[in-house]
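Step one of this worksheet: look at the structure below.
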Amino acid sequence: MNTQKLIDTAKAMVANDKGLLAMDESTPTCNKRFAKVGIPQNEETRRAYRELIVTTPGLSEFISGAILCDETIRQQKKDGTPFIKVITDAGIIPGIKVDAGAKDMAAHPKEKITEGLDKLRDRLAEYSKMGARFAKWRAVITIGENIPSQGCIEANAHVLARYAALCQEADLVPIVEPEVLMDGEHTMQQCFETTEKVLRAVFNQLYMQRVMLEGMILKPNMVLPGLACSKQETADEVADATIKCFLRAVSASLPGVTFLSGGQSSELASARLNAMNVRFKSRAPWGLAFSFARAIQQPALEIWQGKESNVVAAQQALYHRAKCNFAARRGEYTAVMDKNV
Ligand code: 13P
């Protein structure tokens with residue numbers, strides 16, 4: 001394990017107010033998003049869409065790293081240039097999603113456990129050889145009647161830590177993603193309590209599995225009311241709750257946290273990230289960054305519609321959202337930025 005390399009990469013992933021672009025949707029998830037906007041679902045359309053993303057002019061002004069999935073890391077541009085080379089040449093750090101998805105957890109109805117530890121050491125070695133410098137693993141926690149259970153929280157925290165230790169052994173920076181889902185009627189307070197419990201379990205396991213905290217990135221959910229909750233707090237209230245929770249449960253040794261968007265609208269995700277940076281940037285021990293998929297990509301996907309003639313407009317939309325989130329890291333995002341497009 002090259003400690004300094006891990007620390008340097010982790011720092012670079014959150015440096016200069018940039019953030020990560022998650023473009024690692026699994027094939028079923030990508031197909032689902034294509035189906036919603038009427039795009040044919042096949043390997044070539046997925047390839048063409050990912051080519052659109054990685055060739056967006058100027059993306060590296062705001063994006064420090066891009067998370068790919070197994071299919072994408074092996075694909076090329078139409079002219080034969082591997083995507084990983086396109087990304088690296090643009091000055092963007094390539095990363096790879098390595099979990100095998102959240103599956104139903106035995107004896108735990110309505111709960112999920114993420115799979116993928118088997119043969120992970122060999123897969124990490126291969127991805128590292130291909131040029132990846134960081135990895136991602138997502139665990140899913142659901143709030144509902146009598147859930148999450150302690151068994152689900154502990155099992156997911158344990159595999160996250162085992163994955164993270166294997167990544168560091170292979171000189172890949174692990175992104176540790178324990179996502180408390182937004183779906184449901186739960187209140188922001190319930191999300192706060194669950195997120196705190198989950199983060200405490202995760203950091204406990206990271207310590208037990210000897211993960212070097214300076215060489216990893218946390219990808220958490222924001223502390224939010226459920227999507228169907230009747231009370232929706234303001235961006236400032238979300239910022240205060242999220243940072244209060246993290247100050248309790250997240251180690252100050254981390255170089256940064258990169259939030260997932262989790263189904264928030266693009267504008268809300270930017271506004272809430274902005275509020276956090278306005279209020280806490282100078283005081284928080286970690287960079288408050290982003291690792292959005294939907295909140296960066298969705299407008300571009302809707303514009304593209306699978307048509308070559310829409311590529312330039314879609315790239316402009318992607319560039320715009322990346323710029324908004326870069327501004328949010330600086331506490332300079334305003335709704336006006338979105339009105340003028
Ligand atoms: P969203 O930003 O769409 O939640 O996706 C982030 C991600 O990478 C989920 O693993």
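Counting starts at 1 for both ligands and their atoms, in listed order. Side chains included, hydrogens not; waters and symmetry mates left out as well; all remaining heavy atoms used.
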* Approximate separation, where rounding is to 0.5 Å, of Leu224 CG and Gln190 CD ->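 Going from the CG atom of Leu224 to the CD atom of Gln190 covers 13.5 Å.
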* Would you find more than 12 non-hydrogen atoms of other residues, nucleotides or ligands less than 6.0 Å from Asn146 atom CG? -> no
Once you restrict to heavy atoms under 4.0 Å, what part of [X] touches ligand 1? Side chain, backbone, both or neither.
X: Lys97; answer: neither
X: Ala293; answer: both
X: Arg294; answer: both

* Is the Phe246 to Phe192 ring centre distance short of 6.0 Å? ->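 Phe246 vs Phe192: aromatic centres not under 6.0 Å.
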State whether [X] and [Y] are salt-bridged, where the test is any N-O pair (Lys NZ or Arg NE/NH1/NH2 against Asp/Glu carboxylate O) under 4.0 Å.
X: Glu51; Y: Lys77; result: no
X: Glu126; Y: Lys119; result: no
X: Asp236; Y: Arg272; result: no

* Asked: Any N/O of Glu179 closer than 3.5 Å to an N/O of ligand 1?
  ->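 There is no such contact.
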* Exercise: do Tyr333 and Asn325 side chains pair donor with acceptor under 3.5 Å ->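 Note: Tyr333 and Asn325 side chains miss the donor-acceptor criterion.
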Going by the order shown, which atoms of ligand 1 are within less than 4.0 Å of some heavy atom of [X]?
X: Gly262; answer: 1 (P), 2 (O), 4 (O)
X: Ala22; answer: 8 (O)
X: Phe292; answer: 2 (O)

Would [X] count as a contact of ligand 1 if the rule is a heavy atom under 4.0 Å away?
X: Lys136; answer: yes
X: Ala295; answer: no
X: Lys219; answer: yes

* What protein heavy atom is closest to atom 2 (O) of ligand 1, reported as residue, atom name and distance in Å? -> Ser261 OG, 2.5 Å
* Which residue owns the protein heavy atom closest to atom 9 (C) of ligand 1, what's the atom, and how far is it? ->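 Atom 9 (C) of ligand 1 sits closest to the protein heavy atom Glu177 OE2, 3.2 Å.
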* To do: Measure across Arg138 and Leu181 and return the closest heavy-atom pair with its distance rounded to 0.1 Å.
  => NH2-CD2, 4.0 Å
